[in-house]
Amino acid sequence: MLALSPFTSPPETEAQLLAQAKRLAGYTLGELAALAGMPVPRDLKRDKGWTGVLLELWLGASAGSKPEQDFAALGVELKTIPVDNLGRPLETTFVCVAPLTGNTGVVWETSHVRHKLKRVLWVPIEGSRDIPVAERRVGSPLLWSPNEEEEQQLRLDWEELMDLIVLGQVTRITARHGEVLQLRPKAANSKALTEAIGEHGEPILTLPRGFYLKKNFTSALLARHFFLSSY
DNA sequence: GATTGATCATAT
DNA sequence: ATATGATCAATC
């Protein structure tokens with residue numbers, strides 16, 4: 001029998017949240033899904049957010065689609081991150097949608113990116129596609145805030161990208177811009193359009209974009225944690 | 001094999 | 001269309 005049950009209400013402290021996340025380490029997604037009464041999809045092709053929702057449930061996050069941090073009372077954001085057998089990220093990490101209009105005068109200090117990343121509970125999950133979803137294991141969690149260097153890296157990339165957006169260059173931005181933070185499409189499909197600023201300052205329609213953390217960034221922060229926890 | 005651009009589900 | 005949760009898969 002598993003001495004484990006999902007939170008039915010949000011955790012009241014960071015310590016409580018982290019403790020519960022630590023309890024989940026080592027369990028498989030299949031075990032956690034069964035205890036939560038959730039069916040396990042064969043793969044994640046049509047259930048890309050399934051793992052995130054499962055962990056939200058187990059950790060007592062305000063499930064669903066509220067434009068808030070997952071643990072609003074604690075100011076903590078939950079991110080599951082798929083990793084390989086060495087704990088390296090297999091995917092980039094979505095942060096938030098990029099505002100493409102109304103950006104005159106915006107600054108890093110009050111940006112959505114900075115707010116989202118102020119405090120993050122990272123939960124690594126085995127993500128190799130050759131491991132059946134139900135057999136993938138939850139890894140050791142990490143409660144993280146950007147250090148000075150990370151914050152600076154993020155700020156520089158964000159400022160470069162936002163400058164291009166404000167200057168009407170959004171359609172010229174590719175995922176190659178930015179060292180640790182990149183801008184990529186974030187949409188249902190390539191026909192979903194949103195308003196942006198064109199190269200002559202005119203309104204245009206373009207693909208919605210999102211900010212994503214590149215793997216070099218998340219890989220480093222997870223590696224640091226792994227290194228430190230091995231002592 | 002890694003990366004960039006595209007895409008999937010669901011709720012509001 | 002926008003927000004939440006992300007991974008897929010064509011291409012380099």
Side-chain angles (χ1 to χ4, degrees), chain A residues 6 10 29 32-33 36 38-72 76-86 88-103 111-113 115-117 120-134 136 138-139 157 161 164 170-196 203-220:
Chain A
L29 298 183
L32 296 182
M38 281 178 69
V40 181
R42 186 169 85 272
D43 57 50
L44 299 182
K45 289 182 187 179
R46 296 186 171 275
D47 296 271
K48 298 181 179 183
W50 183 82
T51 307
V53 172
L54 178 64
L55 268 292
E56 280 185 347
L57 176 72
W58 273 95
L59 295 174
S62 42
S65 52
K66 300 187 195 71
E68 269 187 334
Q69 284 161 315
D70 295 296
F71 305 96
V76 174
E77 176 74 15
L78 172 66
K79 287 291 180 193
T80 59
I81 183 166
V83 296
D84 66 14
N85 54 5
L86 295 178
R88 296 171 304 198
L90 289 166
E91 293 289 346
T92 57
T93 302
F94 173 71
V95 180
C96 60
V97 169
L100 301 183
T101 60
N103 286 313
S111 67
H112 289 151
V113 172
H115 185 245
K116 278 273 185 184
L117 298 180
V120 179
L121 179 67
W122 295 98
V123 181
I125 311 275
E126 285 183 328
S128 298
R129 292 187 206 179
D130 55 14
I131 306 176
V133 175
R136 297 181 189 180
V138 177
D157 283 347
L161 292 166
L164 290 168
V170 64
T171 61
R172 299 248 268 259
I173 298 174
T174 74
R176 274 144 287 205
H177 286 82
E179 294 295 319
V180 301
L181 188 71
Q182 62 184 180
L183 196 75
R184 306 214 312 273
K186 167 63 173 172
N189 55 59
S190 58
K191 283 126 197 157
L193 300 175
T194 191
E195 189 175 305
I204 62 168
L205 288 177
T206 189
L207 233 45
R209 314 296 165 102
F211 287 110
Y212 295 81
L213 296 177
K214 298 179 73 171
K215 290 194 282 184
N216 59 350
F217 186 82
T218 49
S219 179

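In what follows, every chain begins at residue 1, and chains take the letters A, B, ... in the order their sequences are listed.
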For DNA chain C, the residues among [range] that have a non-hydrogen atom under 4.0 Å from it:
| range | result |
| --- | --- |
| residues 38-47 of chain A | L44(A), K45(A) |
| residues 90-100 of chain A | E91(A), T92(A), F94(A), V97(A) |
| residues 175-188 of chain A | R184(A), K186(A) |

(message) So G52(A), base contact, sugar-phosphate only, or nothing? Heavy-atom distance under 4.0 Å.
(response)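 Sugar-phosphate: the residue G52(A), judged by heavy atoms under 4.0 Å, touches backbone atoms but no base.
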(message) What contact category does N216(A) fall into here, base, sugar-phosphate, or nothing, at under 4.0 angstrom with non-hydrogen atoms?
(response)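 Nothing, no nucleic acid heavy atom in range.
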(message) Below the 4.0 Å mark, does dA6(C) have OP1 or OP2 next to a side-chain nitrogen or oxygen of T80(A)?
(response)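 It does, given that an N or O in the side chain of T80(A) lies less than 4.0 Å from OP1 or OP2 of dA6(C).
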(message) Using OP1 and OP2 only, check whether a side-chain N or O of S190(A) sits under 4.0 Å from dT7(B).
(response)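 So the side chain of S190(A) is within the cut-off, an N or O lying under 4.0 Å from OP1 or OP2 of dT7(B).
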Any side-chain heavy atom of [X] sitting closer than 4.5 Å to one from [Y]?
| X | Y | result |
| --- | --- | --- |
| I81(A) | I125(A) | no |
| V97(A) | F211(A) | no |
| L121(A) | D70(A) | no |
| T93(A) | W122(A) | yes |
| L213(A) | L181(A) | yes |
| L29(A) | R136(A) | yes |

Over how many whole Å does the gap from [X] atom [atom1] to [N] atom [atom2] extend?
| X | N | atom1 | atom2 | value |
| --- | --- | --- | --- | --- |
| H112(A) | dT4(C) | NE2 | P | 9 Å |
| I173(A) | dT4(B) | CD1 | P | 14 Å |
| N189(A) | dT2(C) | CG | P | 13 Å |
| E195(A) | dT2(C) | CD | C1' | 14 Å |
| L193(A) | dA6(B) | CG | C1' | 14 Å |
| K215(A) | dT4(B) | NZ | C1' | 11 Å |
| E68(A) | dA11(B) | CD | C1' | 15 Å |
| K214(A) | dA2(B) | NZ | C1' | 11 Å |

side-chain contact (heavy atoms from CB on, under 4.5 Å) partners for [X], two or more places apart:
| X | value |
| --- | --- |
| A175(A) | Q182(A), R184(A) |
| P41(A) | L44(A), D47(A), W50(A) |
| P208(A) | A187(A), T194(A) |
| N85(A) | none |

(request) Would you confirm whether K116(A), through its side chain, and Q69(A), through its main-chain N or O, come within 3.5 Å as a donor-acceptor pair? (result)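 Answer holds: no.
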(request) Using modelled atom types only, decide if a donor and an acceptor are shared between the side chain of D157(A) and the backbone of E179(A) within a distance under 3.5 Å. (result)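 Side chain of D157(A) to backbone of E179(A), a donor-acceptor pair under 3.5 Å: yes, one is there.
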(request) Given side-chain contact (heavy atoms from CB on, under 4.5 Å), test E56(A) with L78(A) step by step and report yes or no. (result) CA-CA 8 Å; E56(A) 280 185 347; L78(A) 172 66; 3.9 Å; yes
(request) Just jot down the ring pair (Phe, Tyr, Trp, His ring centres under 6.0 Å) partners of F94(A), sequence neighbours excluded, or say none. (result)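 For F94(A), the residues satisfying ring pair (Phe, Tyr, Trp, His ring centres under 6.0 Å) (neighbours in sequence not counted) are Y212(A).
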(request) Taking atom NE2 of H177(A) as the centre, report whether more than 12 heavy atoms of other residues, nucleotides or ligands fall under 6.0 Å from it. (result)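 More than 12 heavy atoms, drawn from other residues, nucleotides or ligands, come within 6.0 Å of this atom.
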(message) Report for the helix from dG1(B)-dC12(C) to dT12(B)-dA1(C): angle between first-end and last-end helix axes, five pairs each, rounded to 10 degrees.
(response)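 Rounded value for the end-axis angle: 40°.
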(request) Under the side chain to side chain donor-acceptor pair (under 3.5 Å) rule, collect the residues that match up with T174(A), sequence neighbours excluded. (result)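 Checked T174(A) against side chain to side chain donor-acceptor pair (under 3.5 Å); matches are R176(A).
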(message) Suppose we screen for salt bridge (charged side-chain N to carboxylate O under 4.0 Å, His left out). Which residues come up paired with R172(A), at least two apart in sequence or across chains?
(response)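 Only E199(A) meet the salt bridge (charged side-chain N to carboxylate O under 4.0 Å, His left out) criterion with R172(A).
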(message) I want to confirm an ordering. Mapping R136(A) and Q69(A) to their closest nucleotides on DNA chain C, which one lands closer to the 5' end?
(response)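 Comparing both residues, the 5'-ward one is Q69(A).
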(message) Any N or O donor-acceptor pair under 3.5 Å from the base of dT7(B) to the side chain of K48(A)?
(response)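 Answer yes: a donor N or O sits under 3.5 Å from an acceptor.
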Name the pairs: protein N/O against N/O of nucleotides 10-12 of chain C, kept only if under 3.5 Å.
none

